Amino acid sequence: MACIYGDILKIDTTGASEMTAKQDKLTAKGVEASQKLAENDLARMEKYKSLIIKVGKAKQMEPAVIAAIISRESRAGAVLKDGWGDKGNGFGLMQVDKRHHSLKGTWDSEEHFTQGTEILINSIKQIKANFPKWTKEQCFKGGISAYNAGVGNVRTYQNMDVGTTGNDYANDVVARAKWYNGKGY
């Protein structure tokens with residue numbers, strides 16, 4: 001699927017940190033750990049595949065990136081309680097923060113996926129405005145980092161994940177997205 005924000009397969013990534021890998025008691029870290037985490041979420045993710053693809057097409061966003069964010073944020077729903085995570089602040093599979101956004105739809109709905117994807121797209125656009133010399137792919141990765149920690153947290157390309165959850169958010173999401181891309185997302 002053509003994504004106007006860049007090609008996820010062209011983005012460099014170091015994958016998951018040791019801290020993130022420990023969620024599933026993995027001894028590996030990096031891209032291998034990200035792939036295993038994504039794989040561990042695949043059975044749950046399949047329930048949402050058609051909606052993820054539909055929203056991806058509508059918003060010109062790679063469905064694999066939406067799936068990767070869902071995997072990272074909520075483990076495809078496994079860590080949610082009645083649709084909530086992050087001490088009651090994060091809503092839905094994409095963990096939209098109620099402190100910063102008016103929530104839309106139910107926790108696993110098309111409206112929710114659309115809202116989360118629009119937040120990501122706005123983050124990518126803000127990163128592009130802040131860093132006009134960055135390539136499409138660099139802005140795409142920066143927007144993924146900003147989805148977690150805010151646009152102001154992204155100051156350099158090399159250190160964009162410093163300050164994100166696990167200090168690996170964009171790198172982990174990109175590695176998971178590449179894996180989901182190979183699974184038809």
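Not measured: the values here are computed from a predicted model.
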Transitively linked via ILVMFWY side-chain contacts under 4.5 Å: [X] with [Y]?
X: Val31; Y: Leu9; result: no
X: Met19; Y: Val174; result: no
X: Ile11; Y: Val162; result: no

Looking only at atom types and distance, does a side-chain atom of [X] sit under 3.5 Å from a main-chain N or O of [Y], one as donor and one as acceptor?
X: Ser109; Y: Thr106; answer: yes
X: Gln115; Y: Lys104; answer: yes
X: Asp24; Y: Leu26; answer: no
X: Asn171; Y: Thr14; answer: yes
X: Ser34; Y: Ala16; answer: yes
X: Glu73; Y: Ile70; answer: no

Do the charged groups of [X] and [Y] touch, with an N to O distance under 4.0 Å?
X: Lys29; Y: Asp168; answer: no
X: Lys136; Y: Asp7; answer: no
X: Lys141; Y: Glu137; answer: no

Return the orientation label for the Tyr169 and Tyr147 ring planes: parallel under 30°, perpendicular over 60°, tilted otherwise. parallel
Below 4.5 Å, heavy atoms only, C-beta onward: do [X] and [Y] meet side chain to side chain?
X: Leu37; Y: Arg75; answer: yes
X: Ile52; Y: Lys49; answer: no
X: Phe140; Y: Cys3; answer: yes

On a heavy-atom basis, which atom in [X] and which in [Y] lie closest, and how many Å separate them?
X: Ile121; Y: Tyr5; result: CG2-OH, 3.2 Å
X: Thr13; Y: Asp172; result: OG1-N, 4.5 Å
X: Met160; Y: Asn153; result: O-ND2, 3.6 Å
X: Ser123; Y: Ala146; result: CB-CB, 3.9 Å
X: Tyr180; Y: Leu42; result: CE2-CD1, 4.0 Å
X: Gly143; Y: Ile127; result: N-CG1, 3.8 Å

Look up atom [atom1] in [X] and atom [atom2] in [Y], then write down how far apart they are to the nearest 0.5 Å.
X: Gln158; Y: Asp12; atom1: CD; atom2: CG; answer: 9.0 Å
X: Glu118; Y: Lys125; atom1: CD; atom2: NZ; answer: 9.5 Å
X: Asn130; Y: Gln126; atom1: CG; atom2: CD; answer: 7.0 Å
X: Lys59; Y: Ile66; atom1: NZ; atom2: CD1; answer: 10.0 Å
X: Met61; Y: Ile69; atom1: CE; atom2: CD1; answer: 7.5 Å
X: Thr27; Y: Lys22; atom1: OG1; atom2: NZ; answer: 11.0 Å

Between Met94 and Thr117, does a side chain to side chain contact (heavy atoms under 4.5 Å, CB included) hold up when you go through it step by step? CA-CA 9 Å; Met94 295 184 79; Thr117 302; 4.1 Å; yes
Side-chain donor-acceptor pair present, [X], [Y], cut-off under 3.5 Å:
X: Tyr185; Y: Glu46; value: yes
X: Ser71; Y: Arg176; value: yes
X: Thr165; Y: Asn148; value: yes
X: Asn167; Y: Asp161; value: no

Could you give me the CA-CA distance, side-chain angles and deciding distance for Arg72 and Gln95, then say whether side chain to side chain donor-acceptor pair (under 3.5 Å) is met? CA-CA 10 Å; Arg72 171 66 188 230; Gln95 289 292 278; over 6 Å; no
Aromatic contact between His101 and Phe91, with the criterion being ring centroids under 6.0 Å apart: yes or no? no
Apply side chain to side chain contact (heavy atoms under 4.5 Å, CB included) to Trp107 and Trp84, showing your working. CA-CA 8 Å; Trp107 66 273; Trp84 292 89; over 6 Å; no
Tell me, please, whether Trp179 has Lys36 positioned over its six-membered ring: NZ or CZ under 6.0 Å from the ring centre and within 45 degrees of its axis? no
Count the heavy atoms belonging to other residues, nucleotides or ligands that lie under 6.0 Å from CD of Glu32, then report whether that count exceeds 12. no
